[in-house]
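Notes for the one structure printed next.
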Amino acid sequence: MSDLQELAQIEDPQFYLDDPYPVFARMRAEQPVFYYEPLDTFVLTRHEDIRYVNRTPELFSNAHGIFLNDVKYAGQGDMTLTDSFFPADGEQIGTTDPPRHHELRRVISPSFSVGTLERMDAAIHGYVAELIDQITPGQPIDWMTLAGVLPVRVGSLQIGLPDADISQVRHWSDELEKLGGDLTLDQLKAAAAEFSTLRSYLVEQFEAKRGNPGDDLLSTLLAAELDNEKLSEANVVMFAMTMMAAGSDTTRALLAGMVWALAKHPEQLEKLVADRSLLPGAVEEALRWVTPARAFLRTATADTELRGQQIKKGQHVYLMYMAANRDEDVFDRADEFDIERKANPLQLAFGIGTHVCIGARLVRMETGILLNALLDNFTRFELISEPTPVVHVIRNSWENMPVTFHR
Amino acid sequence: MRIVVDYDLCESHARCVEAAPDVFEIRDDDLMYVLDETPDESHRTAVEAAVVNCPRQALRLVD
């Protein structure tokens, strides 16, 4: 047994908080297909390998779950833990393989189209302006709390939920977060039950849309057909739940992590203040740097081989996106935060291929609007103290982030 | 070089348009169109970036 076996405690949230990057560097160099025995799972840390797996869904399936908890608690019921959070009679897009996956995505992709997002632009600018108004220059605030409102408002707008309901929406999103957390099975079952109360709310909202359809996801679902039929209620609920859950906490982590990174690297912020054309690159570098969703799981559908390592049907691979985002084969000086990085469109924070984040364009848009507004109003971001990290297996985020914005 | 698009995968994320605006376009129907399926060599770097950056990995280059 190598000492890497001792070091790579991928189920332990503390592993991620204690600077795992030197361990990932060794894994990429010494054992890029690293066997994690307790869960019969191979951990992939190289950019190239993670891209390959994501392009090869016929060999690496999502249907057996996408979190380590799905493996850890496999065989405890007749469905995966991830699926237990969602209506049993609906299809969950994250745990569905092609070709069905493509059919499901095609139903919702119109509500993420370039044109749909352009029509959301003015509203998002309005939300951002309200957020900026709550910042007093020179006064410390908890940036995590303040920034966290934006993704929930944007997500609600995109789904077609009333802005007045955002605190409840935030609560449901937090319950789903527990799926990737370090919790007991009973705690997870309680979270799944809590999350299920969302169903009746969504059915109500969906009914309300019938008389007053718009450009949003629920209206798109109202008009959509799947298998030559109108969508089942279960699938409507499933899509809306998934979008609500997937977009808010991840984006909150990005918005916080971006300010954190710029506060820690004032020379990068100065470059951005001097040249606003660097903004898209800064957003991309923040995505690479933060990687809000650290990793996801796949399961081999047949015996295969990767870099000479045999992987048997039914064994798992764990795609450590945060490690791929520091791969020196792709990113020079990968451990430096550099907004002018040429390779930064290659960052894998959204994943890539079959299951790539469908909301990526929306996230880039709202993050860019927010950063632009911050730069319009402030020239220096000051961390008042080290932020408290969230203790979680896959979410790289913070409980709080005391920041002062200076004019 | 020739560009091949897998339209089962393409979702018109528009990253290809950002990488190679002379070769790809999003039209008013919100769908992606290839303006030139056999662009000349001067576009190679931009088209290769579009292929690599495609979120859904829907683009291929055939020489």
Side-chain angles (χ1 to χ4, degrees), chain A residues 47-48 50-58 93 97-120 215 220 280-281 283-284 287-288 330 342-365 368, chain B:
Chain A
H47 194 274
E48 183 185 351
I50 290 177
R51 283 182 68 108
Y52 162 72
V53 167
N54 278 330
R55 275 199 316 267
T56 319
E58 61 280 8
I93 197 165
D97 290 327
R100 186 60 171 174
H101 182 75
H102 301 324
E103 293 170 13
L104 294 176
R105 275 184 86 111
R106 209 163 294 132
V107 170
I108 53 170
S109 59
S111 60
F112 292 94
S113 74
V114 170
T116 303
L117 300 192
E118 277 171 6
R119 288 187 287 279
M120 291 171 64
D215 214 6
T220 302
V283 172
E284 226 54 35
L287 281 158
R288 187 185 77 90
V330 177
K342 289 287 176 283
N344 73 14
L346 291 169
Q347 60 77 20
L348 289 175
F350 293 122
I352 193 145
T354 310
H355 292 275
V356 69
C357 175
I358 200 166
R361 190 176 183 84
L362 177 59
V363 173
R364 287 187 170 106
M365 177 174 150
Chain B
M1 68 179 150
R2 186 164 61 85
I3 296 164
V4 179
V5 184
D6 183 340
Y7 286 103
D8 276 345
L9 291 175
C10 175
E11 287 176 336
S12 307
H13 283 255
R15 298 294 281 172
C16 56
V17 181
E18 289 157 25
D22 296 335
V23 181
F24 305 96
E25 166 179 276
I26 302 282
R27 294 196 186 148
D28 288 345
D29 59 7
D30 273 353
L31 298 177
M32 190 280 286
Y33 292 82
V34 182
L35 296 171
D36 183 356
E37 286 184 354
T38 54
D40 65 53
E41 281 300 311
S42 64
H43 295 292
R44 182 172 285 276
T45 309
V47 172
E48 282 175 352
V51 170
V52 171
N53 292 336
C54 173
R56 289 273 278 168
Q57 298 289 281
L59 300 174
R60 272 189 312 129
L61 258 190
V62 184
D63 278 295

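Since the model is a prediction, treat every value here as computed from it, not as a measurement. Side chains included, hydrogens not; waters and symmetry mates left out as well; all remaining heavy atoms used.
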Between Glu103(A) and Arg105(A), does any NZ, NE, NH1 or NH2 come within less than 4.0 Å of an OD or OE carboxylate oxygen? no
Close side-chain approach of His101(A) to Ile93(A), heavy-atom, < 4.5 Å: yes
Between CG on residue Asn53(B) and CD on residue Glu48(B), distance to nearest 0.5 Å: 11.5 Å
Using non-hydrogen atoms and a 4.5 Å limit, figure out which bit of Leu117(A) sits close to chain B: side chain, backbone, both or neither. neither
Hey, which of Glu118(A), Arg364(A), Arg55(A) has the most heavy atom pairs under 4.5 Å with chain B? Arg364(A)
Go through Gly351(A), Gly353(A), Pro99(A) and name the one with the most non-hydrogen pairs under 4.5 angstrom from chain B. Gly353(A)
Residue pair Arg44(B) / Leu61(B), side-chain heavy-atom distance below 4.5 Å: yes
